Amino acid sequence: MNGRFANLVLLALVPLAAASGFVMFLLGSGPVWAIAALHGVVGLAVVVLVPWKSVVVRRGLRRARRSGRATSLLLTVAVVLALLTGMAHRVGILLADSRMTTLQAHVGTGVGAAALTLWHARRRRINPRRTDLSRRWLLRCAVVASAAGLLEVSARVASALTTSPGARRSTGSFQLASSSVAAVPETSWLFDRVPAVDPDTWRLTVATGDDSRDWSLQDLADWDDRQVAVLDCTGGWWTRHEWSGVRLARLLPPTATGTVEVTSATGYARRLPLTDQLLLATRIDGTELSAGHGAPVRLVVPGRRGYHWVKWVVRVQHDSEPWWVQVPLPLQ
Ligand code: HEM
Ligand SMILES: Nc1nc2c(c(=O)[nH]1)N[C@H]1C(S)=C(S)[C@@H](COP(=O)(O)O)O[C@H]1N2
Ligand SMILES: [Mo]
């Protein structure tokens, strides 16, 4: 047993878990399954190291009181909660209707755990030594990785047994139990609130180059473009509906390429590559959107996580700015 090994490896693992979780949110589909598997292995490797680390902790607790102990305790609590909520979500405890889903609690405690780990490492500095790269260390790493891999496989088997086939996406999200519109949670990314929008005076400003045009709801009613798409919220649920309204590209010159920044009445905004799939929706499954779901107009972005689906859209800015020049996740 080697406490130094556990310390150094945990210092890498906890931030790596947060980083891989973050990448899962950015990808949203496609290769996200591979990052999800990596995230599971990294997170569960923390569990594997608990016996090693507990020796270090007990030794530390026996020593005279050092400053920073309360924060170290907080770090322990955050890591344990992140692990419990992550595994709970994996085996199917979703809490879709509660104020905070299991996964939201997981991300909150996970981000806290990663931040506290970096803080903790600064206080209890360990300087790397050349022997840290010895064969024995590599062997230990291989043992930890294999044990974590086995735990991940068990977690996936357990979740396959508790979940009906097809209900989980590769992002880890679960399908909502009901496919009715009323069952779709009205969600905010962080702090956004439903704004008061008067549909009669509402205008959508579409700016491209030096040109700008305002569209009223009546103008947009000429179209009935439809798109079946999966809304996959980072809170851990997904639901499939038919959205209808107008394809965003119709409001731009026919040859337009580049990106669009779509802004909400609340100021919430995302920039996305301009594709034919982007839809400005006024209806879901044939019924008018409710205020909570983004009335009068919200963006539908097939293949991307819910935080791109800007609600209460008031402005579209089209130009050639790269889509990645923006905060990777909204701050609002
Ligand atoms: C930004 C922070 C994080 C995000 C966005 C995040 C995201 C996720 C997601 C989406 C899942 C569900 C995966 C699935 O069910 O397929 C998950 C599971 C999990 N997470 Fe995290 N996570 C974060 C931080 C952490 C941290 C810091 C740890 C460890 C200390 C951790 C440990 C776990 C574990 C053990 C699971 C269960 C994996 C499994 O059994 O397959 N996560 N996380
Ligand atoms: N303006 C604005 N649009 C937003 C959000 C927000 O907070 N503000 N939240 C996003 C998130 S995180 C999700 S999952 C979807 C949720 O859409 P719904 O409330 O119709 O279910 O809206 C997205 N659009
Ligand atoms: Mo979301």
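Start at 1 and go down the list; that is how both ligands and their atoms are numbered. No experiment lies behind these values; they were computed from the predicted model shown.
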Contact check: [X] vs ligand 2, nitrogen or oxygen atoms, below 3.5 angstrom:
X	answer
T234	no
H293	yes
W189	yes
Y307	no
P185	yes
W309	yes

Using atom types as modelled and distance alone, determine if a side-chain donor or acceptor of [X] lies under 3.5 Å from a backbone N or O of [Y].
X	Y	answer
R298	H293	yes
W309	V300	no
H241	D285	no
R90	T85	no

Taking the minimum heavy-atom distance to atom 29 (C) of ligand 1, which of V91, T85, V32, L83 ranks first? L83
Heavy-atom contacts under 4.0 Å between A155 and ligand 1: side chain, backbone, both, or neither? side chain
Counting only heavy atoms closer than 4.0 Å, does ligand 1 sit against the backbone of L13, its side chain, both, or neither? neither
Exactly one of L220, L204, D219, D224 should register a side-chain contact (heavy atoms from CB on, under 4.5 Å) with V246. Which one does? L220
Using the side-chain contact (heavy atoms from CB on, under 4.5 Å) rule, pick out the option among W238, W189, F25 that qualifies with R305. F25
Start with the C-alpha gap between S72 and H120, add the side-chain angles, then the distance that decides, and say whether side chain to side chain donor-acceptor pair (under 3.5 Å) holds. CA-CA 7 Å; S72 302; H120 182 79; 3.3 Å; yes
Does only the side chain of S188 get under 4.0 Å from ligand 2, or the backbone, or both, or neither? Count heavy atoms. both
Is it the side chain, the backbone, both or neither of T266 that has a heavy atom closer than 4.0 Å to ligand 2? side chain
For [atom], the protein heavy atom that lies nearest, with its residue and separation:
atom	value
atom 11 (C) of ligand 1	L103 CD1, 3.9 Å
atom 2 (C) of ligand 2	D192 OD2, 3.3 Å
atom 19 (O) of ligand 2	K311 NZ, 2.5 Å
atom 13 (C) of ligand 2	G306 O, 3.4 Å
atom 10 (C) of ligand 1	M24 CE, 3.6 Å
atom 12 (C) of ligand 1	H89 CD2, 3.6 Å
atom 41 (O) of ligand 1	E152 OE1, 2.5 Å
atom 15 (O) of ligand 1	R168 NH2, 2.8 Å
atom 14 (C) of ligand 1	R90 NH2, 3.5 Å

Is there a side-chain contact between [X] and [Y], using heavy atoms and a 4.5 Å cut-off?
X	Y	answer
W237	L231	yes
L280	L251	yes
S188	Y268	no
P15	L118	yes
R240	V230	yes
L26	L329	yes
L94	H89	yes
L248	V262	yes

In this structure, does ligand 2 have an atom that sits under 4.0 Å from one of the heavy atoms of [X]?
X	answer
R298	yes
G294	no
W237	yes
L231	yes

Residue pair V107, T234: steps toward the side-chain contact (heavy atoms from CB on, under 4.5 Å) verdict: CA-CA 9 Å; V107 174; T234 49; over 6 Å; no
Among D276, D225, D222, which one satisfies salt bridge (charged side-chain N to carboxylate O under 4.0 Å, His left out) with R250? D225
Should the heavy atoms of other residues, nucleotides or ligands under 6.0 Å from [atom1] of [X] be counted, would the total exceed 12?
X	atom1	answer
W33	CH2	no
R4	CZ	yes
R213	CZ	yes

Using a strict cut-off of 4.0 Å, indicate which atoms of ligand 2 neighbour a heavy atom of [X].
X	value
E186	19 (O)
S264	1 (N)
C233	14 (S)
V184	21 (O)
G292	19 (O)

Have a look around atom 21 (Fe) of ligand 1 and list protein N/O/S atoms under 2.8 Å, or say none. H39 NE2, H106 NE2
